[in-house]
A.B. asks: 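I'd like to ask you about the structure that follows.
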Amino acid sequence: MRPAPNSTPDSIDIFCRVIDNLGDAGVCGRLTHQLATEHHKTVRLFIDQPACLNQILPDLAQHAAIIPWSEALRYTDTADLVIEAFACDLPDRVLTAMMKRTIPPVWIDLEYLTAEKWADTCHAIPSTHPMTGLKKTLFFPGFTPLTGGLIRERDLIAHRNRFQNNPQDQTSWRQAHNLPPPDPDCIDGSIFCYPGAPCAALFDDLSTYSRPVRLFQPVTHDYGQETRGALTLYRIPFLSQKDYDRLLWTCDVNFVRGEDSFVRAQLAGRPLLWNIYVQEEQAHLVKLDAFLDLYTTAFSEDLRKTLAKTFHLWNEIHQTDKLWRWYLDHLQQLTEGANRWSVYLEMQPDLSDRLLEFCKTL
Amino acid sequence: MKIAQELRPGNVVIIDKAPMVVQKAEYNKSGRNAAVVKFKFRNLLTGTNTEAVHKTDEKFEDIILEAKEVTYSYEAGDMYVFMDEEYNQYELSKDDIEDQLKYLEEQMQFEITFYEGKPISVTPPVKVVREIIYTEPAARGDTSGKVMKFARLPSGYEIQVPAFVEIGDKIEIDTRTDEYVSRMK
């Protein structure tokens, strides 16, 4: 049964299909974990490739039920809240079970993150689904108070601050992951990008930089270390979400991609470069510009244009400008802006709070 | 059946057993997100207005209503008056035609729709030609048509056009999506 109005749901079902990378699973796993551990909800994650969670969220099964989602799925007992993540299309048998429930569940369609303005006006409008009669609501994660916000655990910022202010913690963590200790003479960065990202041009440029640059790149194979001029590249094993946060926190700059690592890098309070998921008809560039319109306001005016240009550069295969040195030359000012942006995000309720608050309004 | 993307102001669909007329339909598409349409519906039984957001591929049961060709005549207070070939006049409120105001011009042809004998909406031609009254100058050399900018129509409505479009140009617009189609020669 769904709880009375003005209360939040007790049980939550999240449905997720892994499309091509780990991003969808990463976001759904993170949300599942947070709803179960912080909000004490009974959560079931229905996912078509549960094995991909083993590495990134190894303890998730201790807090929530992870249920393989296949054609053979039997689904009869619907939760108070059903989250259909990233347009994964709920099967008919799930919809039928939802329709049969005495009090219908809250049905949320959790969409991909976007900074585009239209998401502000389309977010969280309960709409009667024409074929089932159930109320369905599109929920858009985003960066403004008018959207669904971002996933951010309650203690994340406190943990981050402690870690960033404690060099010994950083050294210990690095040692445990076979990484060199922090060195004030070096610039450290993490790099996680799609195969189309212009890494070769980036590495060329950094190899002739005036200070040593160390890049830490989580990969699934071919681990090792390679030095070219000023640049040393460390190919390290994939990290859990918890350890990946620490990698972001300990670096001076983070190259990230997609959605989950992109959000975590913003919450790291350090400068970032975003490799966006490529779409047909260059639709991703509209999304990139929408983000930059918001993000760059956290930076001093003289940096904004060039900063936006570096983001575009990181999403082009053909490199025409050598802006990476500019980026590293301005790391201190960029860090100040990245901190301001993080504080702006921290001031807002996170996605799980907004989601549960929204359920109260129905 | 119609999918959400095909619904236009004036169409009537059945939602939760009630006939709902589409008053406004805004199409939005993004990178990885599903394209969505934000609707303003009016319940034809109760007269109440509702907002809704649906994915473009969601299916709706639509109902075919009586319709006829009319011409827009004039504005009278809050009402807009349309006339058929037999000089019958039909009045619609601003709410009823909110989504059409951006293209509205005197003597413009529309199709008017009736529900139980009452006019409920008008639909413009699929394509209309309008003059650009303001837009920023184009950057030199860009003739690809891929770089877009905003341009203002006489109604004040702003539309995305290729960078090569200039003030005074006449452009063809698809009224179903409010998208630029071509520049008229």
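Convention: sequence-line order gives letters A, B, ...; per-chain numbering from 1.
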A.B. asks: Select, from B/Lys59, B/Glu61, B/Glu51, the one with the greatest count of heavy-atom pairs under 4.5 Å involving chain A.
C.D. replies: B/Lys59

A.B. asks: Do you know which of B/Val53, B/Thr50, B/Val37 has the most heavy-atom pairs with chain A at a distance under 4.5 angstrom?
C.D. replies: B/Val53

A.B. asks: How about NZ on B/Lys149, more than 12 heavy atoms from neighbouring residues, nucleotides or ligands closer than 6.0 Å, or not?
C.D. replies: yes

A.B. asks: Would you please go through residues 62-91 of chain B and name the residues with a non-hydrogen atom below 4.5 Å from one of chain A, in numerical order?
C.D. replies: none

A.B. asks: So how far is it from B/Lys55 NZ to A/Ser127 OG, rounded to the nearest 0.5 Å?
C.D. replies: 11.5 Å

A.B. asks: Ignoring hydrogens and angles, write down the donor-acceptor pairs under 3.5 Å from the side chains of residues 129-141 of chain A, residues two or more places apart or on other chains.
C.D. replies:
{"unit_1": "A/His129", "atom_1": "ND1", "unit_2": "A/Thr132", "atom_2": "N", "d": "3.4"}
{"unit_1": "A/His129", "atom_1": "ND1", "unit_2": "A/Thr132", "atom_2": "OG1", "d": "2.9"}
{"unit_1": "A/Thr132", "atom_1": "OG1", "unit_2": "A/Leu134", "atom_2": "N", "d": "3.1"}
{"unit_1": "A/Lys135", "atom_1": "NZ", "unit_2": "A/Thr128", "atom_2": "OG1", "d": "3.0"}
{"unit_1": "A/Lys136", "atom_1": "NZ", "unit_2": "B/Glu58", "atom_2": "OE2", "d": "3.3"}

